[in-house]
Amino acid sequence: MAQALAERGCDAVFSYAGVTAAPIAQPLPTRSGGFGGVPGLIAYLHAEKITHVIDATHPFAAGMSANAVAACAETATALCALERAPWSLEPGWTPVPDIPGALVVLPDRGARVFLAIGKQNVDAFAPKPDNFYLLRMIDPPAAPPALPECHVLTGRGPFSAEDERALLEHHAITHVVAKNGGAPSARRKLDAATALGLRVIVIARPDVPARQVCRSVPDVLRWLGHDTDLGV
Ligand SMILES: NC(=O)c1ccc[n+]([C@@H]2O[C@H](COP(=O)([O-])OP(=O)(O)OC[C@H]3O[C@@H](n4cnc5c(N)ncnc54)[C@H](OP(=O)(O)O)[C@@H]3O)[C@@H](O)[C@H]2O)c1
């Protein structure tokens, strides 16, 4: 999205929440960090004379999305979300409504779980300490996870299907827990797990207030009123 805006010379700013130590560089002017809730975002939209907001956050960044809906409504700023469709679930997968739901369906002991949920919410699995947990994060955790049996990997995706399969085999994983992010690359670990006959637990997206949703960059460009003829 940022590349498409930059190629068209759009007057745009890219806003990171600031939760990773070294975020990917963007071809747009970039700011980082929260605004101070909805009032702070409203003040920013006014100060910068923002006319359009594109919510390109992860589907589980529900606070950012809710703030955008509220602030844009208050300031009459046009808003659309660039959001992938959720994965369609394979017949053998276990859907759960939220993180506590994933904890409930895990065995009490003896499972080897790839907890592919990023760095947030990991400690929610502390009530089942007798499983092994494999964690993968972009940055090393600031404090040791509250999981006695765990191994932390650091790395930024996308990861190949071959590497995902090798990882699952190397750690003798029995269960994979993932958020339904919708990215094809992030689905590879679930497809690899399915091919290996492992249990796959998929956490449903949190609710966010109703807003216009675009499924692709060209759709957002059309919404902005820009042509889409440049091969995006
Ligand atoms: N949650 C996930 O599973 C997940 C997965 C992959 C990637 N991510 C990405 O990680 C980042 C943080 O996600 P999160 O779940 O921590 O978000 P979150 O809980 O919804 O919000 C985190 C903080 O971001 C600030 N914020 C709100 N709108 C912002 C904006 N436009 N620009 C910068 N900061 C803003 C807010 O602070 P103020 O109230 O002070 O403004 C809020 O406290 C997002 O970029 C998201 O796309 C999240």
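Counting from 1, the numbers follow the sequence of the chain as shown. Whatever order the structure lists ligands and atoms in, that order sets their numbers, starting from 1.
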* Asked: Given A56, A61, G33, which has its nearest heavy atom closest to atom 46 (C) of ligand 1?
  -> A61
* Asked: Would V19 count as a contact of ligand 1 if the rule is a heavy atom under 4.0 Å away?
  -> yes
* Asked: Of all the atoms in ligand 1, which lie at a distance below 4.0 Å from a heavy atom belonging to G63?
  -> 20 (O)
* Check each atom of ligand 1 against the heavy atoms of T57 and keep those under 4.0 Å away; list them by number with element. => 47 (O)
* Asked: Between R188 and F159, is there a donor-acceptor pair closer than 3.5 Å when you use the side chain of the first and the backbone of the second?
  -> yes
* Any side-chain hydrogen bond (donor to acceptor under 3.5 Å, both in side chains) pairs touching residues 53-62, not counting sequence neighbours? -> D55-T57, D55-S65, T57-S65
* **Charged tip of R31 within 45° of Y44 ring normal and under 6.0 Å** => yes
* Does the protein place any heavy atom closer than 4.0 Å to atom 19 (O) of ligand 1? -> no
* For N67, take its heavy atoms, then give the atoms of ligand 1 lying under 4.0 Å from any of them. => 39 (O)
* **atom 8 (N) of ligand 1 protein-contacted (non-hydrogen atom, under 4.0 angstrom)** => yes
* Classify the contact between S65 and ligand 1 as side chain, backbone, both or neither, using a heavy-atom distance cut-off of under 4.0 Å. => neither
* **G40 touching ligand 1 at heavy-atom level, < 4.0 angstrom** => no
* **Connected via hydrophobic side-chain network under 4.5 Å: V152 and L147** => yes
* **Identity of the nearest option to atom 31 (N) of ligand 1, non-hydrogen atoms only, from F14, F35, Y16** => F35
* Residue that, paired with F114, satisfies side chain to side chain contact (heavy atoms under 4.5 Å, CB included) out of V177, L135, L167, L153 -> L167
* Got the closest protein heavy atom to atom 3 (O) of ligand 1, with its distance? -> K179 NZ, 2.6 Å
* Got the closest protein heavy atom to atom 39 (O) of ligand 1, with its distance? -> G37 N, 2.9 Å
* For the residue pair H171 and F132, does the interplanar ring angle fall in the parallel (under 30°), tilted (30 to 60°) or perpendicular (over 60°) class? -> parallel
* To do: Could you state whether V13 and V217 fall into the same hydrophobic cluster, counting links through intermediate Ile, Leu, Val, Met, Phe, Trp or Tyr residues with side-chain heavy atoms under 4.5 angstrom apart?
  => no
* To do: Could you state whether V213 and M1 fall into the same hydrophobic cluster, counting links through intermediate Ile, Leu, Val, Met, Phe, Trp or Tyr residues with side-chain heavy atoms under 4.5 angstrom apart?
  => no
* Asked: When you look at CG of D130, are more than 12 heavy atoms from neighbouring residues, nucleotides or ligands closer to it than 6.0 Å?
  -> yes
* If we only count N/O pairs under 3.5 Å, is G36 in contact with ligand 1? -> yes
* To do: Under 4.0 Å from a heavy atom of A62: give me the atoms of ligand 1 that qualify, with their elements.
  => 20 (O)
* Could you tell me whether the side chain of R8 and the main chain of A4 form a donor-acceptor pair under 3.5 Å? => yes
* N or O pair under 3.5 Å between H58 and ligand 1 -> yes
* Please identify which atoms of ligand 1 are closer than 4.0 Å to at least one heavy atom of F60. => 1 (N), 2 (C), 3 (O), 15 (O)
* Does atom 42 (C) of ligand 1 have any protein heavy atom closer than 4.0 Å? -> no
* For atom 36 (C) of ligand 1, which protein heavy atom lies nearest, and how many Å away is it? -> G34 CA, 4.3 Å
* Would R222 and D219 count as a salt bridge (charged side-chain N to carboxylate O under 4.0 Å, His left out) if you check the C-alpha gap in whole Å, the side-chain angles of each, and the deciding distance to 0.1 Å? -> CA-CA 5 Å; R222 272 188 285 276; D219 281 352; 2.6 Å; yes
* **N/O donor-acceptor pair under 3.5 Å between T154 side chain and I138 backbone** => no
* Which ligand 1 atoms are under 4.0 Å away from a heavy-atom of Q120? -> 1 (N), 14 (P), 15 (O), 16 (O)
* To do: Give the atoms of ligand 1, by number and element, whose distance to some non-hydrogen atom of R31 is under 4.0 Å.
  => 32 (N), 33 (C)
* Asked: What protein heavy atom sits nearest atom 32 (N) of ligand 1, and how far off is it?
  -> S15 OG, 2.5 Å
* What is the closest protein heavy atom to atom 21 (O) of ligand 1, and at what distance does it sit? -> M64 CG, 3.2 Å
* Can you tell me if S32 uses its side chain to pair, donor with acceptor, with the backbone of T30 under 3.5 Å? -> no
